[in-house]
Colleague: 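The structure's right below; bear with me while I get my questions together.
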There are 2 protein chains.
Amino acid sequence: MEAHRQAHMGVLTPAARRVLDTAAELFYGQGINAVGVDLIAKRAGVTKKTLYDRFGSKETLVAAYLRERDERWRAWLTAEVEKSPPADRALATFDALAEWVRRENPRGCGFVNAAAELPDAGHPARQVIADQKHWLRGYLRELCEQAGVAAPDELADELLLLHEGATVLNGLSVVTDPVGIARRLARRALERART
Amino acid sequence: MEAHRQAHMGVLTPAARRVLDTAAELFYGQGINAVGVDLIAKRAGVTKKTLYDRFGSKETLVAAYLRERDERWRAWLTAEVEKSPPADRALATFDALAEWVRRENPRGCGFVNAAAELPDAGHPARQVIADQKHWLRGYLRELCEQAGVAAPDELADELLLLHEGATVLNGLSVVTDPVGIARRLARRALERART
DNA sequence: TGACGACTAAACCGATCTGTTTAGTCTAGT
DNA sequence: ACTAGACTAAACAGATCGGTTTAGTCGTCA
């Protein structure tokens with residue numbers, strides 16, 4: 001009779017905290033399928049028993065990793081964006097993205113990478129990935145409305161595509177400053193949509 | 001004393017052909033690290049001995065898979081694009097992309113997905129991935145010149161980003177018709193660059 | 001005839017995979 | 001004093017991983 005379901009991982013035990021931090025680093029840096037639970041447990045200074053008592057399965061741990069990454073991204077993005085006046089916020093998402101990828105995304109989008117490794121539609125992480133993208137699209141749409149554009153849905157689609165393109169290109173070192181390119185295109189799209 | 005290095009896989013033995021086709025399907029569909037050589041050999045109706053005699057290692061097989069995918073993509077893209085007059089070709093790459101992703105890319109870009117799974121810079125597949133992206137950027141630049149734009153380098157960066165964004169979004173089913181969105185943005189960027 | 005290349009069949013290797021089990025320690029709260 | 005929960009230690013399980021080895025068959029070409 002183990003506990004192992006901390007609801008939505010609101011508060012983690014110290015060992016669980018270490019496991020999740022270690023897993024996040026290894027999963028993002030080496031890929032999900034390339035990292036075994038033994039390695040995670042060892043690096044976190046925890047036994048496999050503890051890991052399984054806290055998280056139940058590798059699948060669940062993967063989902064928890066992505067959920068927390070999503071939370072960090074949302075918190076960062078909204079905090080940065082809200083420093084700007086409403087009319088500038090849609091474009092400000094690209095400035096927030098620039099700093100984010102510089103610090104946390106040397107290997108592309110963690111969600112896109114995870115989706116590449118988890119083709120099974122039933123994997124619990126898939127829902128987290130879908131939520132992340134839908135949230136971003138909804139948030140961009142909201143910011144487009146705040147910017148007073150005529151067709152916020154279409155513009156949100158465009159900005160989302162620019163976000164994804166910049167993030168993925170950033171991990172491929174084929175072009176310098178992909179976020180700058182995306183920002184340039186976004187600025188023009190916004191100007192165009194406002195007139 | 002095995003042969004196992006067919007130069008650039010110009011001509012493959014029947015068994016090698018089956019192995020490569022099977023590997024391509026499994027690697028793209030399930031992810032590279034999720035597919036073992038035993039499964040590939042079994043599905044191809046070949047022994048592991050044969051697989052290793054022909055390809056030498058899994059790494060090499062992965063590189064061969066990506067190389068052939070790249071060749072197919074280049075052949076398709078150039079053939080489609082050259083149906084259009086030079087001035088329209090840069091935009092026509094998005095029409096070629098639309099059909100390509102419909103047929104071959106339900107799970108996003110095979111190269112981006114592979115990069116997500118192969119963090120090791122020394123992996124032979126990494127060079128193939130880099131080549132693919134650089135070639136596409138160069139080709140887009142060439143088409144931008146043919147379209148007579150003032151700054152082909154900048155526009156090529158933008159079109160490349162739109163290609164990548166559309167391809168990755170296509171595998172995430174968060175937006176309908178991502179290639180159409182990218183094409184719309186590309187058309188505007190081209191119009192703008194021509195005036 | 002003889003040699004070579006492509007191939008099958010299947011055992012074998014050590015390592016690693018996700019996950020479980022048993023046994024026991026330590027600490028905080030009641 | 002008792003208990004419940006968080007944790008360590010380490011063995012165990014069966015499957016699979018990438019890769020090798022030995023042995024042998026078949027067809028082609030010289």
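Only this structure's heavy atoms are used, side chains among them; waters, hydrogens and symmetry mates stay out. Below, read A as the first sequence line, B as the second, and so on, with proteins coming before strands; counting in each chain starts at 1.
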Colleague: Side chain of B:Thr50 only, heavy atoms from C-beta on: which candidate in C:dT18, C:dT8, C:dA6 is closest?
Modeller: C:dT8
Colleague: Regarding D:dG18, can its base be found pairing with the side chain of B:Lys58 as donor and acceptor, where the two atoms are less than 3.5 Å apart?
Modeller: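 Under the 3.5 Å cut-off, the side chain and the base do not form any donor-acceptor pair.
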Colleague: I need the CG-P distance between B:Leu12 and C:dC7, as an integer number of Å.
Modeller: 10 Å
Colleague: Nearest whole Å is fine: how far is C:dC17 C1' from A:Tyr52 OH?
Modeller: 9 Å
Colleague: Okay, side chain of B:Arg183, backbone of B:Asp95: is any donor-acceptor separation there less than 3.5 Å?
Modeller: no
Colleague: Report the distance from atom NZ of B:Lys48 to atom P of C:dC12, rounded to the nearest whole Å.
Modeller: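 Whole-Å distance recorded here is 14 Å.
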Colleague: Kindly say whether B:Gly108 contributes a backbone atom to a donor-acceptor pair with the side chain of B:Tyr28 at under 3.5 angstrom?
Modeller: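 Yes; at least one donor-acceptor contact below 3.5 Å.
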Colleague: Which nucleotide in the list D:dT21, C:dT20, D:dT20 gets nearest to the side chain of B:Lys49?
Modeller: D:dT21
Colleague: OP1 or OP2 of C:dT18 sitting under 4.0 Å from any side-chain N/O of A:Ser57?
Modeller: no
Colleague: Surrounding CD of A:Glu25 (heavy atoms of other residues, nucleotides or ligands, distance under 6.0 Å), is the total greater than 12?
Modeller: no
Colleague: Please collect all ring-ring contact (aromatic ring centres under 6.0 Å, His included) contacts where either partner lies in residues 161-195 of chain A, sequence neighbours excluded, each pair once.
Modeller: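 Passing the test, one end in residues 161-195 of chain A: A:Phe94-A:His163.
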Colleague: A cation-pi test, strictly: NZ or CZ of B:Arg72 under 6.0 Å from the centre of the six-membered ring of B:Trp100 and no more than 45 degrees from its axis. Yes or no?
Modeller: no
Colleague: Rounding to a whole Å, what distance do you find between A:Phe27:CZ and C:dC17:P?
Modeller: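 Rounded to whole Å, this separation is 11 Å.
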Colleague: Check the distance between D:dT16's C1' and B:Leu26's CG and give it to me in whole angstrom.
Modeller: 16 Å
Colleague: Measure CG/A:Asp53 against P/D:dT8 and give the value in whole Å, please.
Modeller: 10 Å
Colleague: Kindly determine whether A:Val19 and A:Ile40 satisfy side chain to side chain contact (heavy atoms under 4.5 Å, CB included), including the steps that lead there.
Modeller: CA-CA 7 Å; A:Val19 167; A:Ile40 295 168; 4.1 Å; yes
Colleague: Counting only non-hydrogen atoms, which of residues 32-46 of chain B are less than 4.0 Å from DNA chain C?
Modeller: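 Heavy-atom cutoff 4.0 Å gives B:Gly45, B:Val46.
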Colleague: So, B:Asp131 versus B:Gln127: side-chain donor-acceptor pair below 3.5 Å or not?
Modeller: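 Yes, because at least one side-chain N or O of B:Asp131 sits under 3.5 Å from a partner of the opposite role on B:Gln127.
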Colleague: Should B:Thr47 be listed as having a side-chain N or O under 4.0 Å from OP1 or OP2 of C:dA10?
Modeller: no
Colleague: Check this one for me: any side-chain N or O of A:Arg54 less than 4.0 Å away from OP1 or OP2 of D:dC7?
Modeller: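 For D:dC7, OP1/OP2 do have a side-chain N/O of A:Arg54 under 4.0 Å.
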Colleague: Given atom CD of A:Glu59 and atom P of C:dC17, what is their separation to the nearest angstrom?
Modeller: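 So the CD-P distance, A:Glu59 to C:dC17, works out to 17 Å.
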Colleague: In whole angstrom, what separates B:Leu51's CG from D:dC17's P?
Modeller: 13 Å
